[in-house]
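Okay, so here's the structure we're looking at.
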Amino acid sequence: MTTLDFAHERTDPMPAEQREEFLRMPGFGSLYSDHMVTARWTADRGWHDARSRPLAAFTLHPATMAFHYGQTIFEGLKAFWRPDGRHVLFRPRDHAARFARSARRMAMPELPETDFLAAVTALLCIDGDWVPRARGHSFYLRPFMIASETHLSNRPAEEYLFAVIGSPARPAAAEPAPIRLWASPEYVRAADGGTGTIKCGGNYGGSYVAQREAAAHGCHQVVWLDARERRYVEEVGGSNLFFVEGDRLVTPPLSETLLAGVTRDSILRLAGRLGLAVAEEPVTLEDWERGCRSGRITETFACGTARALAPVGHAVTPAGEWAIGDGTTGPVTRRLLNTLLDIQYGETPDEFGWLHTPERTP
Ligand SMILES: *Cc1c(COP(=O)(O)O)cnc(C)c1O
């Protein structure tokens, strides 16, 4: 297979002073770097026209298939700054592999791993000044693909647009605040045989009605229960869930309805290093409540690329609510978060080989 050749077209970067001011403001996902990377796929030519170019709006015909039938997939991964002026990407190959899995499930063309890596590297090299330096800060890369063919037929498109945009990610606070989770009795995120294991747009659009319900109950996010029995705790919005029982770490097993988080996998591997036993086993809502009330479950946290680890302080259901531990961030959550950040910021050796230092491109 031939690899894509990237052309590079530069724009005048944002003045450094203005950029630095942007990088100091806390927040996520509302600012974008100067460039984007795009590539096209057509049934007759395969992948072609790969380039980094100034960030700009797309012009799309109203009959673009993505608008109507939802063939859209995405990834989210992070780059971190290094004192030598280079940058590192966290587990980009795992994100490339999941992007390919998402594409297969949605009958979209796969982007080879080497091209995925070349695309995120191209954006990182051209917009390297957008990678914030402070611990806890990072550059969030959003690769995505949409069906770009203009047609109203209900079938897989024959043209696709792939793009990568980047956004500096800055934490709102030095210490993550515990979140409240709402267990939706009515809505489900994923069912066996469905698309719950991949990152396609529809999974999220279909979940916002429950997120609204969560907000109405004073909660930040939804904790999803299984579609069959509405008993088993699966995951949270865009994060996987872990329970701490003393020095044991429990997380629901991968299934046809769980998104296999790269962070989830990282936590499972880091746990051993911290002397924690790990178990991938089903947890019911009832187990969780009883465990918290009896003191067996001492902590719960959600984890994902965007926010690393988010402590869960309270769980809320229509029948009532309970606190996890004393409702604050527990010591195991804090240690796991710090260990992960230490690796990402180069303060501890990367013994798992998770960091990828891209070669510079022109
Ligand atoms: C992206 C995502 C996660 C977390 O995956 P990471 O690879 O750790 O970022 C978990 N659940 C859902 C539903 C997601 O979309």
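Start at 1 and go down the list; that is how both ligands and their atoms are numbered.
Residues forming a side-chain contact (heavy atoms from CB on, under 4.5 Å) with F67 (at least two apart in sequence, or on another chain): L60, T64. For D49, the side-chain contact (heavy atoms from CB on, under 4.5 Å) test picks out R40, R51, with sequence neighbours left out.
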Please test R91 against L77 for side-chain contact (heavy atoms from CB on, under 4.5 Å), starting from the C-alpha separation and ending with a verdict.
-> CA-CA 8 Å; R91 304 188 67 173; L77 70 163; over 6 Å; no
Less than 3.5 Å apart, which donor and acceptor atoms pair up between the side chains of residues 178-188 and the rest of the protein, not counting sequence neighbours?
residue: R180; atom: NE; partner: G218; partner atom: O; Å: 3.0
residue: R180; atom: NH1; partner: E321; partner atom: OE2; Å: 3.3
residue: R180; atom: NH2; partner: E321; partner atom: OE1; Å: 3.1
residue: W182; atom: NE1; partner: E213; partner atom: OE1; Å: 2.7
residue: S184; atom: OG; partner: E186; partner atom: N; Å: 3.4
residue: S184; atom: OG; partner: Y187; partner atom: N; Å: 3.1
residue: S184; atom: OG; partner: E213; partner atom: OE1; Å: 3.4

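Taking a cutoff of 4.0 Å between a charged side-chain nitrogen and a carboxylate oxygen, R269 and E351 do not qualify as a salt bridge.
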Contact table ligand 1 N or O to protein N or O, d under 3.5 Å:
residue: ligand 1; atom: 7 (O); partner: R98; partner atom: NH1; Å: 2.8
residue: ligand 1; atom: 7 (O); partner: R98; partner atom: NH2; Å: 3.0
residue: ligand 1; atom: 7 (O); partner: V262; partner atom: N; Å: 2.7
residue: ligand 1; atom: 8 (O); partner: V262; partner atom: N; Å: 3.3
residue: ligand 1; atom: 8 (O); partner: T263; partner atom: N; Å: 2.9
residue: ligand 1; atom: 8 (O); partner: T263; partner atom: OG1; Å: 2.6
residue: ligand 1; atom: 9 (O); partner: T305; partner atom: N; Å: 2.9
residue: ligand 1; atom: 9 (O); partner: T305; partner atom: OG1; Å: 2.6
residue: ligand 1; atom: 11 (N); partner: E235; partner atom: OE1; Å: 2.5
residue: ligand 1; atom: 11 (N); partner: S239; partner atom: N; Å: 3.4
residue: ligand 1; atom: 15 (O); partner: K199; partner atom: NZ; Å: 2.8
residue: ligand 1; atom: 15 (O); partner: Y204; partner atom: OH; Å: 2.4

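Between F243 and W288, the gap from one ring centroid to the other is short of 6.0 Å.
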